[in-house]
Enquirer: 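Next up is a structure, given as structure tokens.
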Number of protein chains: 2
Amino acid sequence: MSTIRDVARLAQVSTATVSRVINSPDSVREKTREKVLRAMKMCNYKYNALARGFATKKSNTIGLIIPNINNPVFAESTLGVQEYAEEKQIKVILGNTSYKISQEESLIKALRESQVDGLIITTTNPKGEIIKSLTDEGIPFVLLFSTVKNGPVSAVGVDNYRGGYVATEHLISLGHRRIGMIAGSFTVTDRSYHRWHGYRQCLKDHGLPYDKDLLVQTEYSLSGGRDSIKQLLKHGSPPSAVFCSNDYIALGAIKGAREAGLSLPEDLSIVGFDDMPTASYMVPALTTIRQPAYEMGRRACELLLQKMENPEKPEQHMMETKLIVRESTAAVQYDTEAEDGGDRQ
Amino acid sequence: MSTIRDVARLAQVSTATVSRVINSPDSVREKTREKVLRAMKMCNYKYNALARGFATKKSNTIGLIIPNINNPVFAESTLGVQEYAEEKQIKVILGNTSYKISQEESLIKALRESQVDGLIITTTNPKGEIIKSLTDEGIPFVLLFSTVKNGPVSAVGVDNYRGGYVATEHLISLGHRRIGMIAGSFTVTDRSYHRWHGYRQCLKDHGLPYDKDLLVQTEYSLSGGRDSIKQLLKHGSPPSAVFCSNDYIALGAIKGAREAGLSLPEDLSIVGFDDMPTASYMVPALTTIRQPAYEMGRRACELLLQKMENPEKPEQHMMETKLIVRESTAAVQYDTEAEDGGDRQ
DNA sequence: TTGTATGCGTTATCAG
DNA sequence: CTGATAACGCATACAA
């Protein structure tokens, strides 16, 4: 593989000049430039961005850490950062944590050793050691799908509390009074925890009792939703509506409910969270709280690049969620309400 | 940021020794090692993998190129390569092409400049210039979701022809005689093309006429499937079953068919391709041809690392597809068959 | 087991 | 507008 030195020799110029035609072509006389360009062709020169990174201490690479690329909402946000980065000629290294803190930690370590210029992290624990040490050491990073609304870290997210509140309110407005929730484990994601808070406060504000048996925490998976709904339906006085922490869980819950012999939305209303691309294609089409995942990814990337330029002034971008009403929620059916007390299984 | 030189000075050893405790700790006396380790702590030394990459000409990074991370099947394969790479301490840079050749080209160029040690490419055109030049220049790479079964390039894929054949055969065995296909544009993906070949040959082998109006090419998207099925249903003699190039399209087709007033699977059978994670959660649960996407990703990564060690002997791994029969296909209903000639819309 | 010296490909500083 | 040359942080041959 030839280097700028080879090119320089061939073109009878210095390496500095070769470097110039690469980085600021205008600063070199046209004739010289062409001579250099010809020499490059001749020896099939290939630019080495790694060497450049070494010399400039900028790798033009950022790290993106997400819990699970299989979750459509993270795939979308990934596409968002990806595309924005692409536009700015930045490469992105992807890391999956599988919701494991230890994994998150080792990933960040490896990424830092690789001299990434910054990090976008969809973390599981924004108050953890990891984030703190990143802050202390002045590494540019931004939190994505973040729950933090202020303080010293940059972040983009939505108001999960509000999302949970709105979802629950929708159900209440439909006449539901026994409303359950299937949540991602609070130990694993505080987003879910905040949504639950919104759910709970909404219940309270509407004078509905909070029944802790109507909350089940599970993993963020299809089967998690499916198993959880069955558990909920076994309750002596089962819910007529359930708010699910995300669409993936909701999809599982719908399946589980149907397996338990219910028909939706007549017997049970379900609302999800995310509005993943397939949400409107499901049967019944899913009522959900939309997060603009793609835009969030883009914005996070934008914020990061900004922060890399100017490390001061942390910023939080809170994006809007929106209730999307589709077919998975319906007015409560009084004849199938809690009073019948039947175990539908 | 401190370097091994700082550490060396602090520990009163040479930089070579510091380098040794990092890379081959056993080759240095325990006492010295501890001294060095202490010095590292003291000056808060952080290893610089980029510098190492520069010195060794190995970045320990590979590039992964996929058409669209939003397609669940690519998300899964990505997870596969990701996890295998992780195990081997390799970082992966992700690139989306959006099925655009030009994008694929510029991505590969950028990745090569970044000195990735190898490339995993889910390409759109295995016979194109890009692949050829990669081969010529001896860059280690492997094709993922590949259609090539032999020749000089390493690849992992499935037999798309056979998948298409089996899908069609299943439909025929259910009594269907008017079988349509919604395919991803042949110009954009040859996988789809091969599946169509299987479909077509199967028709022929069973003495069924091939009607070109029963094929519609579209983009690999939900709306693509939805629009295409409507087009198909407008046919004077519409199909009673449709084979879709992938599950995403199938999901769209199901939606579209339902909007057109059909009930599934009674009025129309649908079979997809991929078996994405949500396939069994759909309504009706999707009959499909399963590809082991996660495994394919892992295998591709394995093959690549192997190839990086030993650039000789290209290998193709063809993995098994499997027909998964669920609820979206059913025996043909004779009273709604082609003869009635009705336009169901 | 440890040290010395050199090189990796580029940028950047300083002269000219 | 161009050239000479010193970094950048680490690995590695070779020597001791």
Side-chain angles (χ1 to χ4, degrees), chain A residues 1-40 43-61 89 91 109-117, chain B residues 1-40 43-61 89 91 109-117:
Chain A
M1 199 88 305
S2 52
T3 73
I4 55 171
R5 219 166 334 248
D6 300 316
V7 176
R9 199 178 315 127
L10 221 69
Q12 318 215 57
V13 299
S14 72
T15 61
T17 299
V18 178
S19 180
R20 282 184 199 106
V21 340
I22 294 172
N23 294 298
S24 49
D26 294 338
S27 74
V28 28
R29 192 156 50 99
E30 178 165 352
K31 213 156 174 189
T32 325
R33 197 193 319 150
E34 284 175 354
K35 198 166 54 175
V36 171
L37 259 12
R38 258 198 311 275
M40 284 181 171
C43 62
N44 190 27
Y45 169 75
K46 292 272 191 291
Y47 185 66
N48 184 333
L50 194 149
R52 170 216 181 89
F54 177 59
T56 59
K57 296 165 169 298
K58 277 197 90 228
S59 62
N60 289 314
T61 298
Q89 318 251 48
K91 273 94 48 191
K109 178 151 179 283
L111 255 17
R112 292 192 48 190
E113 289 188 349
S114 296
Q115 310 301 109
V116 294
D117 299 328
Chain B
M1 201 88 298
S2 52
T3 74
I4 55 171
R5 220 172 327 251
D6 301 314
V7 176
R9 200 177 316 127
L10 221 70
Q12 317 214 58
V13 299
S14 72
T15 60
T17 299
V18 178
S19 179
R20 284 187 196 103
V21 339
I22 295 171
N23 295 298
S24 51
D26 294 339
S27 73
V28 30
R29 192 155 50 98
E30 178 164 355
K31 216 158 173 186
T32 326
R33 196 191 322 150
E34 286 175 353
K35 199 165 52 173
V36 171
L37 260 12
R38 259 198 309 276
M40 285 182 171
C43 61
N44 190 29
Y45 170 74
K46 293 270 190 294
Y47 185 68
N48 183 334
L50 193 149
R52 170 219 181 86
F54 176 59
T56 59
K57 294 163 170 301
K58 277 196 89 229
S59 62
N60 290 313
T61 299
Q89 319 251 50
K91 273 96 47 191
K109 179 154 179 281
L111 255 17
R112 291 192 47 191
E113 289 189 349
S114 296
Q115 310 300 111
V116 294
D117 299 328

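When reading the values below, keep in mind they use all heavy atoms of this one structure, side chains included, and skip hydrogens, waters and symmetry mates. So that the names make sense, note that chain A is the first sequence line, chain B the second, and so on, each numbered from 1.
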Enquirer: Among C/dG3, C/dC8, C/dT11, which nucleotide has an atom closest to any side-chain atom of A/R52?
Expert: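 For the A/R52 side chain, the nearest candidate turns out to be C/dT11.
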Enquirer: NZ of B/K58 versus C1' of C/dG9: gap in Å, rounded?
Expert: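 Rounding to the nearest Å, NZ of B/K58 and C1' of C/dG9 are 19 Å apart.
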Enquirer: Between A/S14 and D/dG3, is there a side-chain N or O to OP1/OP2 distance below 4.0 Å?
Expert: yes
Enquirer: In this structure, how many angstroms lie between the P atom of D/dG9 and the NZ atom of B/K46, rounded?
Expert: 15 Å
Enquirer: Of the nucleotides C/dG3, D/dG3, D/dT2, which one has an atom closest to the side chain of A/V13?
Expert: D/dG3
Enquirer: When you match A/R5 and A/K31 each to their closest nucleotide on DNA chain D, which lands nearer the 5' end?
Expert: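 Result: A/K31.
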Enquirer: Roughly, in whole Å, what's the span from NZ in A/K35 to P in D/dC1?
Expert: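 About 15 Å, once rounded to whole Å.
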Enquirer: Scan side-chain atoms only and decide if A/K46 and A/N44 contain a donor-acceptor pair under the 3.5 Å cut-off.
Expert: yes
Enquirer: Got B/V13 and B/V28 here, is their nearest side-chain heavy-atom distance under 4.5 Å?
Expert: no
Enquirer: Taking the minimum atom-to-atom distance to the side chain of A/N23, which one of C/dT2, C/dT11, D/dG9 wins?
Expert: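 Output: C/dT11.
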Enquirer: How many whole angstroms separate atom CD of A/E113 from atom C1' of D/dC10?
Expert: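 So the CD-C1' distance, A/E113 to D/dC10, works out to 13 Å.
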Enquirer: With a 4.5 Å limit on heavy-atom distance, are the side chains of A/N48 and A/T3 in contact?
Expert: no
Enquirer: Write down the atom of B/V18, the atom of B/M40, and the distance for their closest heavy-atom approach.
Expert: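 The pair with the smallest heavy-atom distance is CG1-CE, 4.0 Å.
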Enquirer: Less than 4.5 Å apart, any side-chain heavy atom of B/K109 and any of B/R112?
Expert: no
Enquirer: Looking at the side chain of B/R29, which of C/dT10, D/dA4, C/dT2 is the nearest nucleotide?
Expert: C/dT2
Enquirer: Tell me which of B/S2 and A/V28 sits closer to the 5' end of DNA chain D, going by the nucleotide each one is nearest to.
Expert: A/V28
Enquirer: Using both pair distances under 3.5 Å as the test, note the stems of at least 3 consecutive Watson-Crick or G-U pairs that include DNA chain D.
Expert: C:1-16 with D:1-16
Enquirer: Atom CD1 of A/I22 to atom P of C/dT10: distance rounded to whole Å?
Expert: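 After rounding, the reported distance stands at 6 Å.
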Enquirer: Looking only at the side chain of A/I4 (C-beta and beyond, no hydrogens), which of the listed nucleotides D/dC10, C/dG9, C/dT11 gets closest?
Expert: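 The answer is C/dT11.
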Enquirer: Taking the nucleotide of DNA chain C with the nearest heavy atom to each, does B/Q12 or B/A51 sit closer to the 5' end?
Expert: B/Q12
Enquirer: Taking the side chain as every heavy atom from C-beta outward, state whether A/R52 and A/I22 have any pair of such atoms under 4.5 Å apart.
Expert: no
Enquirer: What is the separation between atom CZ on A/F54 and atom P on C/dT11, rounded to the nearest whole Å?
Expert: 13 Å
Enquirer: Want to settle it: does B/S27 or B/A55 sit nearer the 5' end of DNA chain C, counting the closest nucleotide to each?
Expert: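 Nearer the 5' end of the strand: B/S27.
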Enquirer: Check every strand shown and say whether A/T56 touches a base, only sugar-phosphate, or nothing at a heavy-atom separation below 4.0 Å.
Expert: sugar-phosphate
Enquirer: Rounded to whole angstrom units, what separation is found between the CZ atom of B/R20 and the P atom of C/dG3?
Expert: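 Interatomic distance, CZ of B/R20 to P of C/dG3: 8 Å.
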Enquirer: Rounded off to whole Å, could you give me the NZ-to-P distance for the A/K57 and C/dG9 pair?
Expert: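 About 19 Å, once rounded to whole Å.
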Enquirer: Return the minimal non-hydrogen interatomic distance between A/G53 and B/L50, and the atom names on each side.
Expert: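 Smallest heavy-atom distance, with atoms named: C-CD2, 3.9 Å.
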Enquirer: For B/S114 and A/K91, which heavy atoms make the closest approach, and how far apart are they?
Expert: OG-CE, 2.9 Å
Enquirer: Look at A/T17 and D/dG3 and indicate whether a side-chain polar atom (N or O) is within less than 4.0 Å of OP1 or OP2.
Expert: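 So the side chain of A/T17 is within the cut-off, an N or O lying under 4.0 Å from OP1 or OP2 of D/dG3.
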